[in-house]
Amino acid sequence: MSNPTQPTAIYQHPFQRHKTREVKVGGVVIGGNNPIVVQSMTTPDTHFIEETVEQIHRLEEAGCELVRVTVPKAEDAHALTAIKNRIGIPLICDIHFDYKMALAALDHPIDKIRINPGNIGGMDRFRQVVRKAKDKGIPMRIGVNAGSLEREFAMKYGFPCPPAMVDSALKYIEIAESEGYHDIIVSLKSSDVMTVVEAYRIYARQADYPTHIGVTEAGKPPYAVTKSACGLAPILLDGIGDTIRISLLGDPVPEIAAAFDILQATGRRVRKPELIACPTCGRLEIDLEKIIAELEERLAGNKLAIKISVLGCIVNGPGEAREADLGIAAGKGKGVVFKRGEIVRHVLEKDMVDALMEEMAIWEKEEAEKGTLQFGAPTIRADVHNDVPVPVEDTNRIRLPMLN
Ligand code: SF4
């Protein structure tokens, strides 16, 4: 006889991360099984070195792991070494229109260059940039944007649709590969959510270079954060994405928290405890808002990958508390604390936060002893670790019929 209290099978979400090569950007490795890297872009003119460095320092403090600066003029290129010498994260140069700016930027100790193939001035100029990047050992993002797609690709499909964007990226990848260059990261951005999702999905079936993901020109927060989440969650849940940028109007510092929240909510990279709280309603039996506010304050800066649930009454409280690593199912002015699904103590409302903090410390110690403790770790990994670049002939690209 089976025991009805014991599960007959442990369910696991089906998931596979898009297998990508590793590309080294300064001291940060993008792709493979590495955590999805959070990046941003500065807003002052790059040649205003003090303002640019000050903003990068604020981004670093917020957790930014790669930073991009625009290089539209020679004076911006001249500022790159000075900026690089004063920051602690890898520096990326963003180039549009003028391939000479790309060549100039590559004379400085930068860590990556971003090229928009749609406006760099043709294949020959692109090749010149690739050759110099290869000589210098600098990786490159081939950053396709729907808004600046080459006419050739847009006309093939009638408008800058996802297959046209992927065609463009693949064409430039092939040119780079023909130069023996493989330090490539690819982005396929649009301000349209559906276009972003479809473009990355099509790309991921055809190539294994890591992807930089984002919804471009998302606008002003908070709508821009919601829009970015709508565009990025489907592809993140498909296992696509190796570095992420959330494009928000204004100061870029809030982009970092938004990116980490999207990664956390999709389970792709957890770097703080996940608090599960109900919205409250007329059944509420504790001051939940006060408890959550206090918990948030006491957990600030904590990087433990733990799920903590606090629900305001017995409707879903015990169920959620059992599912979480740690949780409280509240009754009138009191509650039951669960740890890994088991009741560990009864507490009064006034002691709930202290009890959770104490149990969390015990949980952390127990997980450390088991060797299963996670801090800011990727929670979902590719099943193959591509630490060796895949030879061109082995990339096994599948050309979709519509792309032939
Ligand atoms: S858990 Fe209880 S208090 Fe919270 S929203 Fe649901 S029914 Fe209302």
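Residues take their numbers from the sequence shown, with the count starting at 1. Below, all heavy atoms of this structure are taken into account, side chains as well, without hydrogens, waters or symmetry copies. Numbering of ligands and ligand atoms starts at 1, following listing order.
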Of R345, R298, K365, the one forming a salt bridge (Lys or Arg N to Asp or Glu O under 4.0 Å) with E358 is R345

Do F338 and V344 come close enough that some side-chain heavy atom pair is under 4.5 Å? no

Sort by chain and number the protein N/O/S atoms found under 2.8 Å from atom 8 (Fe) of ligand 1. C281 SG

F126 ring center near Y172 ring center (under 6.0 Å): yes

Report the C-alpha distance between H212 and T243 in whole Å, list the side-chain angles of each, state the deciding distance to 0.1 Å, and finish with yes or no for side chain to side chain donor-acceptor pair (under 3.5 Å). CA-CA 5 Å; H212 163 127; T243 175; 4.8 Å; no

Non-hydrogen side-chain atoms of M360 and N302 separated by less than 4.5 Å: yes

Identify whether NZ of Lys or CZ of Arg in R271 sits under 6.0 Å from the centre of the six-membered ring of F260 and within 45° of that ring's axis. yes

